[in-house]
Student: 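Before I ask anything, let me first share the structure, which is written out below as structure tokens.
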Amino acid sequence: MSTFFIDYLIFVFLFALGVIQIAASLSGLIGILFFHKPFFARLLGLIMIITAIGWFYLSGDRNLNDVYGGLDANDQSSLFALGVIAALFITLVISSVTNMVRLSNHTIFSENEGLDSLKEYTYYVALSRNLSYWIKRWNL
Amino acid sequence: MEFIDIEIFLWINSWVGKIYLFDEIVKIIVSDYLIPVGFSMAMVGLWFSGKTARVRQEYQKAVIVGVGSVGISNLIIAVINNFYFRVRPFNDLDVSLLFYQPTDSSFPANPVAMVFTVAIAIWIVNKRIGWVLIAIAVLFSFARIYSGVFYPSDILAGALIGIFVAVILTKVRKLIEPVPTFVLKLARVFCLA
């Protein structure tokens, strides 16, 4: 695997981490924020995006044909999907741990609220409750 | 018509080398990664945006339409390229090149179709973000001509394909409503929609 592959993957990963933090903070999904205060989550998101772009473009020539070490369209889309999924996974894991104490005192849970449940719960809590709701509903 | 196309191209490309800093900025804008990845990230961001569940659901359906539109645009361009292959400007003309030499067909501009597809799919549900993306798509298109890799008509055709596909797919979304609805229901089980 060429370094361009890895560089692009890291670029997408950091970019996606930043975008998710900014979007989640703007829509009040505090359960997946790395910081308690939305302002800091937005700041962190912005720093991640700027770092991703700055590092990617300052660390080498990125105008390369795929024949000479660049990425073709298929590689680009697959690595993009991989980078975004990795960023989402890391976001959900880290935010579940960092918000565990802060968001553990809520007792009322509306089932099947989807992303909205992340306004009050960590992803881990929301997912486990949501899955048990669906398992009960489907009599599994 | 082709004469006008070439004249406009040569006039825009003739500015290369006059302002060093501008050329350096264009080299970043024109790259295969910054704007296309940025536009894809706009869709990722839109997925998590929206203050209410109802608004978010509209955004998420737009993201699904956007992804589908990009696929269909690529398909249309692949079909066109099977019947018509236009060589790049740098193959025929004396061009100042700020980009690598692509080997695929110049007409229609595939990356331009992609950015316009995404911009319009988002513009339909969120005018504010949509206008910003359209402005960036225009800048990206200009940069592709300026850097010597596309003729203006390639850009125009790519943009029209992108806009057309995004609008049509949004219009016929009702017909394929079960598909995005199913995707969203499944994602909601895992608290991801």
Side-chain angles (χ1 to χ4, degrees), chain A residues 7-8 11-12 15-16 18-29 31-32 45 49 52-53 56-58 61-68 70-73 76-77 79-81 83-84 87-88 91-92 112-119 121 123-131 133-134, chain B residues 24-57 59-60 63 67 70-71 74 77-78 88 97-104 110-111 114 129 143 147-149 184-193:
Chain A
D7 289 354
Y8 179 72
F11 168 58
V12 171
F15 205 142
V19 166
I20 292 170
Q21 285 300 297
I22 292 173
S25 71
L26 290 172
S27 47
L29 304 174
I32 54 170
I49 293 170
I53 295 171
F56 186 71
Y57 280 97
L58 293 174
D61 181 16
R62 302 307 180 186
N63 276 339
L64 284 176
N65 197 334
D66 54 319
V67 182
Y68 300 108
L71 299 173
D72 64 27
Q76 271 184 56
S77 43
L79 288 172
F80 178 84
V84 171
L88 183 60
T91 298
L92 300 177
N112 197 29
E113 277 195 340
L115 269 181
D116 265 348
S117 54
L118 300 176
K119 286 181 174 176
Y121 299 94
Y123 182 74
Y124 173 75
V125 172
L127 179 69
S128 51
R129 293 191 188 192
N130 218 31
L131 285 181
Y133 161 77
W134 280 104
Chain B
E24 291 304 305
I25 293 168
V26 168
K27 278 184 191 172
I28 294 174
I29 293 171
V30 81
S31 98
D32 282 335
Y33 308 103
L34 182 64
I35 305 294
V37 168
F39 273 54
S40 306
M41 286 300 172
M43 292 204 281
V44 172
L46 203 65
W47 186 272
F48 293 95
S49 297
K51 293 260 184 219
T52 64
R54 191 184 159 85
V55 173
R56 194 178 308 119
Q57 193 174 329
Y59 287 170
Q60 288 167 347
V63 170
V67 172
V70 168
N74 278 328
I77 289 168
R88 299 278 180 161
L97 204 57
L98 290 178
F99 195 64
Y100 66 81
Q101 296 190 348
T103 51
D104 56 337
N110 199 348
M114 183 262 175
I129 300 173
S147 58
V149 282
L184 291 183
K185 269 188 181 169
L186 190 66
R188 197 167 293 124
V189 172
F190 296 96
C191 299
L192 291 173

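Every chain is numbered from 1 and lettered A, B, ... according to where its sequence line falls, protein lines coming before strand lines.
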Student: Decide side-chain contact (heavy atoms from CB on, under 4.5 Å) for A/Leu92 and B/Leu192; before the verdict, give the C-alpha distance in whole Å, the side-chain angles of both, and the deciding distance to 0.1 Å.
Tutor: CA-CA 10 Å; A/Leu92 300 177; B/Leu192 291 173; 4.1 Å; yes
Student: Is B/Tyr100 atom OH crowded by more than 12 heavy atoms from other residues, nucleotides or ligands, each under 6.0 Å away?
Tutor: yes
Student: Any chance the rings of A/Phe56 and B/Tyr33 have centres within less than 6.0 Å?
Tutor: yes
Student: Supply the atom-to-atom distance B/Thr103 OG1 to A/Asp66 CG, rounded to the nearest 0.5 angstrom.
Tutor: 7.0 Å
Student: How about B/Phe190 and A/Leu131: do any of their side-chain heavy atoms sit closer than 4.5 Å?
Tutor: yes
Student: May I ask you to decide whether B/Arg56 forms a salt bridge with A/Asp116, counting only side-chain N to carboxylate O separations under 4.0 Å?
Tutor: yes
Student: Which distance, rounded to the nearest 0.5 Å, do you find between the CZ of B/Phe48 and the CD1 of A/Ile22?
Tutor: 13.5 Å
Student: Would you check if the side chain of B/Asp32 reaches a backbone N or O of A/Asn63 as a donor-acceptor pair within less than 3.5 Å?
Tutor: no
Student: Are B/Met41 and A/Val84 side-chain neighbours, meaning at least one heavy-atom pair lies under 4.5 Å?
Tutor: yes
Student: Given a strict heavy-atom distance threshold of 4.5 Å, which part of A/Tyr123 is in contact with chain B: side chain, backbone, both, or neither?
Tutor: side chain
Student: Grab the two heavy atoms, one from A/Asn130 and one from B/Cys191, that are nearest each other, plus how far apart they are.
Tutor: ND2-SG, 3.6 Å
Student: By a 4.5 Å heavy-atom criterion (distance strictly below it), what part of B/Gln60 contacts chain A: side chain, backbone, both, or neither?
Tutor: side chain
Student: Is any side-chain heavy atom of B/Val44 closer than 4.5 Å to one of A/Phe15?
Tutor: no
Student: Heavy-atom cut-off 4.5 Å, strictly under: side chain, backbone, both or neither for B/Ala53 against chain A?
Tutor: both
Student: So how far is it from B/Tyr59 OH to A/Ser27 OG, rounded to the nearest 0.5 Å?
Tutor: 10.0 Å
Student: Could you tell me which portion of B/Leu46 (side chain, backbone, both or neither) has an atom closer than 4.5 angstrom to a non-hydrogen atom of chain A?
Tutor: neither
Student: Checking heavy atoms, do the side chain of A/Leu71, its backbone, both or neither come under 4.5 Å from chain B?
Tutor: both
Student: What part of A/Leu29 lies closer than 4.5 angstrom to a heavy atom of chain B: side chain, backbone, both or neither?
Tutor: side chain
Student: A/Ile32, A/Leu64, A/Asp61: which one forms the most heavy-atom pairs within less than 4.5 Å of chain B?
Tutor: A/Leu64
Student: With distance as the sole test, does A/Tyr57 use its side chain to make a donor-acceptor pair with the main-chain N or O of B/Leu34 at under 3.5 Å?
Tutor: yes
Student: Are any non-hydrogen side-chain atoms of B/Phe99 and A/Asn65 less than 4.5 angstrom apart?
Tutor: no
